[in-house]
Amino acid sequence: MLEKKYNHLEVEKDKYEIWKEKEIFKAGKKDGKPFCIVIPPPNVTGKLHLGHAWDVSLQDIMIRYKRMQGYDTLWIPGMDHAGIATQAKVDKKLKEMGIEPRTMKREDWLKVAWDWKKEYAENIHNQWAKLGLSLDYSRERFTLDEGLSKAVRTVFVKLYNEGLIYRGERMINWDSEAKTALSNEEVIYKDVEGAFYHIKYPIVDSDEFLDVATTRPETMFGDTALAVNPDDERYQKFIGKKAILPIVNREIPIVADMHADPEKGTGVVKITPCHDPNDYEVGLRHNLEKIVVINPDGTMNENALHYQGMDRFVAREKLVKELEEKGYLLKVEKIIHSVGHSERTDAMVEPYLSKQWFVKMRPLADKVLENQKNKETKVKFLPARYEKIMNHWMEITYDWCISRQLWWGHQIPAWYKGDEIYVGMEAPKEEGWTQDKDVLDTWFSSALWPFSTLGWPNITEDYQKYYPTNVLVTGYDIIPFWVNRMTFQGLHFTGKRPFEYCYIHGLIRDKIGRKMSKSLGNGVDPMDVIKEYGADALRYYLTTQTSSGTDLRYDEEKVRSSWNFINKIWNASRFVLMNIENIEDTSLNNLTNIDKWILTKLEKTIKDVTKYMDKYEFQNVNSVLYNFIWEDFCDSYIEMSKFNMEQPSTKATLYYVLKNILKMLHPFMPFVTEEIYSKMPLTEGFIALSDYPKYQKEYIYNEEEKEIDDLIEFVKIFRNKKAELKIGKDYKILLNNNTDYELIKKMLKWNDLIIEKEINYPKFLIEYKNYSVTLFNEQETTLDIENIKKEIEFLEKSILKRENLLANENFINKAPASLVEQEKEKLALEKEKLAKLK
RNA sequence: GGGCGUUUAGCUCAGUUGGUUAGAGCAUCUGCCUUACAAGCAGAGGGUCUGCGGUUCGAGUCCGUAAACGCCCACCA
């Protein structure tokens, strides 16, 4: 028997441990077709937030559903080493302990990092357990483990040999905080306050000068030219002449280049090839000298003369002062402009010329674009519009900078000896080779996740069985970083898309629509929500409130209402269990019309739920299921069953319907459904491994469904009228026909109210379909004429509308016949009713 | 500059091939302690579906257009 109150803490306690112990989440439990999802590996840097809870809840629902349907399901857990993020956190921890991380030996530092990983992995495991995720832990992976490292090296070596990975000096984004290169995706542009500094560049052998506007005066030490537009009439006469770089007093050429935009600034641009991507291109075109002036840590180097060693922002301030004092500063215009920041450290990103490793993207991206044209083999996005995001990225893609100047990650499998480079799976045998110190971008290994986790490059049984995976679930913000890269690596290395469907969800926001973030302090810890409302309520809330691709505003009220729904299910189950305690025969024989009615509703619900589950439209699953459970089952069937409990068919029906409800709910709320299912008589094993309900035509009884629908409708109209007419307890009922009113009498508690003959009190006619009663009010002395008038008015309006519709030939000819019939029926009904009222 | 999304009840949101009187939760109002559930039951009120124009017998849904809010990409000396 169930406890009197639903207690999520009690219900969710210990269950996960048992599930894990009995290995019910292990792949191979069912012998149907394979169905596989790889978890987006969370970073080992911290706690899971609500967004994670949302993401994994969606996946667990998909997996549990397919498992119950007989698929051989595999959900692979794992975590990401998260290069920059983890290294930053480990460094911070060391610094707090008074240790300067970069003075440590690399091996010693890595030991600290692995301890960190261990600790955080455990946190994440605990949180997954609390959420009830049906992950197959026997296949858990970590991006830095041996197998995945082998996959990473294999990919690197192969791409290198194919000419798709190269090493070269290029303009990259430099994070001076983490002291590493970044890819373009890792740069976030933010609007900040800055200024246009107008600087005077004197012309050699002349009294004239050029007014050059720059937002970054401190880079002027690296200026190796000024550029003007070749068509800019203002500056024609300066082309080919030389200007003097203030303070430095170096002569630099004035060149004509299309990069200079006459509309922007003064039309004259200073060219700093080492610290600006566009200037770098200009430098190449005009064969300009390259002078680096900023150190990797963001301080100025020896080329900045007396500013050497100063932070670049301090240097800017002082330099502007010096320029002003010496008369070189023409004016300062305050502006708001957008400046790149490091996604992880938030440091202002420096465009920086440096030697890095790159993936040549064009050929790889073209493969994706080609594949997306094929309906059979493309990655199908849900919702479909996100495919455009991927395709656009593939169209405009640029080479991917993959080397990172970090310690935490896959060390690049390249070795140097003098000018020689060796790239291979293992270090060369001969003496004298040293390995590249850099590691690879974290996303380089995550890009292989769908196949590396299945054993690739070894062609394992798992790989053959479960690849390509079926669905990938992630937020739209991760498409450029991860989805796109998995797609091109998957296509290139396995010849197949890594997943058939890509289900995209939105971002979690706070109640007023702001992103949840640490700085705003508006984050919500899913573990706190679970403590208060239970994982089932949280999961149900997260997965049923939005359609795919849209953001979700976190609203605790709604979690509470999910809890209420579970409580309702709990109590309904309690009622059922109280009444079927000793049930032996659960077969559905000698059914009453009411039984047939609920069974029909159930089967239709199963049909719809299955349809929506297959399309991953969980919000639609919810509306169908919620409605069926709360209204049809609880409010109607259970209430009516109270009058028929002595009938064996009633108990069997209660049992049957409840069992099916639990199964349909199970993917959403695994804990409470397991609890109730296990307490039901004649059930065995885990509900997670039971069979998902299948739509059965044999339980569709259209006649009976309609009959009881009408009855319920009449009851509703009666109650409504009674309340509307404010009729109190003293009334009598006259039945106007021979329809069967037995059930209605019980539902409306008519008992002694029924009279045989009409009496002389004010009276009201209440009718619906086959039901017609007259209600006598003993207290009132007059009829409520106003109400009757209102009803007549409403009917007349409605009749007119329908008559017009039916008079329209276009409607009769073009609308489906059933709709026309329906309209005719309704018209007839309304006319009949009107006649009686008059 | 290019692209995308959102706009539906007081609030948060569903509404996926165009078809009864547009739904839910929460909030509001009325009446109920009816032994599964007062975290509940029985009812009620509340919407020119952002504006304008079009297609259609019929539009929240399709097309065009405008606005507000938001997001992504590119650029930003």
Side-chain angles (χ1 to χ4, degrees), chain A residues 2 4-6 184 189 191 194 196-197 212-216 219 226-227 259-261 264-272 276 278-279 282 335-339 383-386 388-389 392-393 395-396 476-477 479-480 506-507 511 513 541 544-555 557-558 560-579 612 615 617 619-620 622-623 626-627 630 634-635 638-639 642 715-716 719-724 726 728 748-749 794 798 801-802 805 808-816 818-820 822-823 825-826:
Chain A
L2 297 181
K4 192 147 189 194
K5 265 204 160 148
Y6 165 56
N184 293 19
Y189 285 86
D191 281 346
F196 262 140
Y197 299 91
V212 179
T214 178
T215 53
R216 305 212 46 199
T219 63
L226 292 181
H259 165 61
D261 181 348
K264 279 188 194 165
T266 59
V268 189
V269 201
K270 63 195 254 322
I271 303 298
T272 323
D276 182 280
N278 290 309
D279 291 8
V282 176
I335 54 159
I336 302 281
H337 62 154
S338 98
V339 176
R385 64 173 183 272
Y386 285 103
K388 280 191 214 161
I389 307 275
H392 182 243
W393 190 88
E395 277 158 17
I396 62 158
Y476 57 71
D477 53 327
I479 295 172
L507 265 36
K511 213 178 167 181
Y541 160 70
T544 59
Q545 293 302 309
T546 54
S547 48
S548 65
T550 55
D551 291 349
L552 174 63
R553 286 190 193 198
Y554 178 73
D555 184 354
E557 278 302 317
K558 290 202 172 188
R560 187 172 295 135
S561 107
S562 291
W563 190 98
N564 284 352
F565 179 43
I566 299 174
N567 184 52
K568 185 76 183 175
I569 295 159
W570 180 267
N571 279 295
S573 304
R574 214 173 141 247
F575 173 83
V576 174
L577 293 186
M578 279 167 71
N579 285 291
Y612 292 131
K615 288 158 68 175
E617 289 172 9
Q619 76 289 358
N620 288 336
N622 172 46
S623 70
Y626 186 96
N627 214 31
W630 205 304
C634 293
D635 292 345
I638 285 185
E639 288 310 314
K642 290 175 182 171
V715 168
K716 199 176 164 174
R719 284 172 172 157
N720 179 353
K721 274 286 159 209
K722 207 182 134 230
E724 193 184 318
K726 293 202 173 69
L748 294 172
K749 301 201 169 66
F794 175 82
S798 179
K801 218 172 111 188
R802 261 184 246 286
L805 187 63
N808 186 332
E809 272 182 44
N810 277 320
F811 177 73
I812 304 285
N813 295 334
K814 292 183 183 174
S818 62
L819 194 72
V820 178
Q822 239 177 57
E823 285 297 321
E825 264 175 46
K826 268 179 212 157

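Lettering follows sequence order; numbering is per chain, from 1.
For A/Asn571, the side-chain hydrogen bond (donor to acceptor under 3.5 Å, both in side chains) partners two or more places apart in sequence, or in a different chain, are A/Asn567. Qualifying side-chain hydrogen bond (donor to acceptor under 3.5 Å, both in side chains) partners for A/Arg385, counting only residues two or more places apart in sequence or in other chains: none. Taking the side-chain hydrogen bond (donor to acceptor under 3.5 Å, both in side chains) definition, one finds that A/Asp551 meets it with A/Tyr476, A/Arg509, sequence neighbours left out.
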- Query: When every nucleotide of nucleotides 30-43 of chain B is labelled 5' to 3' by its protein contacts under 4.0 Å (heavy atoms), B for base, S for sugar-phosphate only, - for none, what sequence of letters results?
  - Reply: ------BB-BSSSS
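Remark: A/Ser561 is not in phosphate contact with B/C26, judged by side-chain N or O atoms under 4.0 Å from OP1 or OP2.
With P as the reference atom, B/C4 and B/C76 are 24 Å apart, rounded to whole Å. Comparing the same atom, C1', in B/C69 and in B/G54 gives a spacing of 26 Å after rounding to whole Å. Annotation: B/A66 and B/A27 have their P atoms spaced 42 Å apart (nearest Å). Taking the C1' atoms as reference points, B/U50 lies 8 Å from B/A67, given to the whole Å. Comparing the C1' positions of B/G25 and B/A59 gives an interatomic distance of 27 Å, to the nearest angstrom.
Spacing between atom OH of A/Tyr612 and atom C1' of B/U16 amounts to 8 Å, rounded to whole angstrom units. In this structure, the OH atom of A/Tyr476 is 9 Å from the C1' atom of B/C72, given to the nearest Å. The CG-P distance, from A/Asp261 to B/C75, rounds to 15 Å in whole Å. Look at CD1 on A/Ile812: it is 19 Å from P on B/U56, rounded to the nearest Å. Rounded to an integer number of Å, the gap from A/Glu617 CD to B/A14 P is 13 Å.
Annotated stems with RNA chain B as a participant read B:1-7 with B:67-73, B:10-13 with B:23-26, B:28-32 with B:40-44, B:50-54 with B:62-66, given as range with range, by first number; only runs of 3 or more Watson-Crick or G-U pairs under 3.5 Å qualify.
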Could you pull out the protein-nucleic contacts involving nucleotides 3-8 of chain B (nitrogen or oxygen on both sides, under 3.5 Å)?
none

